[in-house]
S.K.: 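Got a structure for you, questions after.
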Amino acid sequence: MDDPLLIAGETFSSRLIMGTGGAPSLDVLDRALAAAGTELTTVAMRRVSPASAGSVLDLLTERGIRVLPNTAGCFTAAEAVRVARLAREALHTSWVKLEVIADERTLLPDPVELLAAAEQLVADGFTVLPYTSDDPVLARRLEQTGCAAVMPLGSPIGSGLGIRNQHNIELIVESAGVPVILDAGIGTASDAAVAMELGCAAVLLATSVTRARDPELMAEAMRLAVSAGRLAFLAGRVPRRRYALASSPPAG
Amino acid sequence: MRVIINGEARQVAGPISLAAAVALLTSAPSGVAAAVNGDVVRRGAWQSTRLADGDEVEVLTAVQGG
């Protein structure tokens with residue numbers, strides 16, 4: 001079934017966006033990315049270290065996976081804008097996963113700094129994909145700012161707690177005119193399926209695959225879950241009922 | 001002259017270009033970006049960008065994350 005994901009005029013046949021953090025080795029990461037079938041994958045920007053071994057960038061290039069730099073580790077709009085500009089220069093992409101976090105313990109987005117950074121980056125010509133709280137109002141404001149997608153969290157980064165507020169995700173999906181990408185909190189395949197069933201356009205995950213006992217196998221599970229959830233969303237679930245509805249004819 | 005490269009103070013002899021400062025850290029031909037005092041300098045301008053005493057240089061690259 002031809003059902004591409006469309007972000008800022010670019011199409012992707014996979015609706016599973018991967019992160020690269022947490023993998024025990026580049027080799028394990030490589031196999032997991034292949035099993036996930038992802039076409040868009042995040043990297044972080046850090047100071048060059050002479051000790052850094054191997055390049056995640058080479059791996060993504062070889063696999064033909066589009067790179068999505070993030071601004072992980074930034075606490076202010078000014079920091080995030082600077083890192084995004086450095087990423088654009090280093091990686092020759094104006095796409096950025098915008099992350100502005102409030103504190104190390106929760107890694108929750110700082111909504112005030114996030115919105116300010118989004119405004120500046122959109123004005124500077126970036127395609128901005130913001131990691132945001134599951135707040136429908138903030139999601140709307142980010143879209144109005146000109147973000148190419150909104151990426152609400154299911155639960156805190158790396159927590160594996162799944163989607164804590166499905167109702168809010170539904171509200172965001174209902175009113176969004178840009179793709180809604182469930183970002184953060186996925187613990188296992190059913191969480192990814194639920195995100196897609198709620199109408200999200202894609203899922204972004206890392207920890208649940210890279211730190212699984214078998215990352216390659218979990219990546220395959222996620223690929224199937226995202227597809228299954230998408231198909232179920234398109235097919236339309238039956239309404240929930242308080243009482244039974246006989247599936248066999250009552251008469252005869 | 002003293003410049004700070006990726007948070008580390010370094011003594012360098014005489015005027016130094018941004019290209020030379022980056023070369024102290026990496027020989028990677030691509031995937032690297034640099035900023036001087038917070039402002040990104042395009043790669044094409046590294047050679048002609050002269051560092052001044054006390055300048056802070058940041059050299060970043062992509063790593064696993066997110």
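In what follows, chains carry the letters A, B, and so on, assigned in the order in which the sequence lines appear, proteins first and then strands, with residues in each chain numbered from 1. Just so it is clear, the model here is predicted, and its values are computed rather than measured.
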S.K.: Do the side-chain N and O atoms of A:D103 and A:T106 include a donor-acceptor pair separated by under 3.5 angstrom?
M.R.: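 The criterion, which ignores hydrogens and geometry beyond distance, is satisfied for A:T106 and A:D103.
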
S.K.: Quick check on the interface: out of A:R85, A:K97, A:R88, A:R46, who has the most heavy-atom pairs with chain B under 4.5 Å?
M.R.: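 Most pairs with chain B among the choices: A:R46.
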
S.K.: Does any backbone or side-chain atom of A:L59 lie under 4.5 Å from a heavy atom of chain B? Answer side chain, backbone, both or neither.
M.R.: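 No part of it gets close to chain B.
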
S.K.: Quick one: of A:L86, A:T42, A:V43, who has the most non-hydrogen atom pairs under 4.5 Å with chain B?
M.R.: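 Highest number of heavy-atom pairs under 4.5 Å: A:L86.
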
S.K.: Any carboxylate oxygen within less than 4.0 angstrom of a Lys/Arg side-chain nitrogen, looking at A:E10 and A:R66?
M.R.: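 Salt bridge present between A:E10 and A:R66.
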
S.K.: Identify every side-chain donor-acceptor pair in residues 24-37 of chain B under 3.5 Å, counting partners at least two apart or on other chains, and give the distances.
M.R.:
from	atom 1	to	atom 2	distance (Å)
B:T26	OG1	B:A28	N	2.9
B:N37	OD1	B:E56	N	2.8
B:N37	ND2	B:D55	OD1	3.0

S.K.: For chain B, find which of A:A87, A:A44, A:A78, A:A206 contributes the most heavy-atom pairs closer than 4.5 angstrom.
M.R.: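 Counting heavy-atom pairs under 4.5 Å, the top option is A:A44.
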
S.K.: Which bit of A:L91 comes within less than 4.5 Å of chain B, counting heavy atoms only: side chain, backbone, both or neither?
M.R.: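 The side chain, not the backbone.
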
S.K.: Is B:V41 in contact with chain A via its backbone, its side chain, both, or neither, using a 4.5 Å heavy-atom distance?
M.R.: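 When you check distances to chain A, only backbone atoms of B:V41 fall under 4.5 Å.
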
S.K.: Using a 3.5 Å distance criterion without hydrogens, assess whether the side chain of A:S25 forms a donor-acceptor pair with backbone atoms of A:V28.
M.R.: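 Pair found, side chain donor or acceptor close to backbone of A:V28.
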
S.K.: Between atom CD of A:E143 and atom OG1 of A:T132, what is the distance when rounded to the nearest 0.5 Å?
M.R.: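 Taking CD in A:E143 and OG1 in A:T132, the distance rounds to 12.0 Å.
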
S.K.: Identify each donor-acceptor pair in which a side-chain atom of residues 69-77 of chain A lies under 3.5 Å from a protein atom, sequence neighbours left out, and give them as a table.
M.R.:
from	atom 1	to	atom 2	distance (Å)
A:N70	OD1	A:A72	N	3.1
A:T71	OG1	A:E99	N	2.7
A:T71	OG1	A:E99	O	2.7
A:T76	OG1	A:E79	N	3.1

S.K.: Can you say whether A:A23 sits under 4.5 Å from chain B via the side chain, the backbone, both, or neither, judging by heavy atoms?
M.R.: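 Both parts, heavy atoms under 4.5 Å.
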
S.K.: I'd like to know which of A:M18, A:H92, A:R82 tops the heavy-atom pair count under 4.5 Å against chain B.
M.R.: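 Ranked by contacts with chain B, first place is A:R82.
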
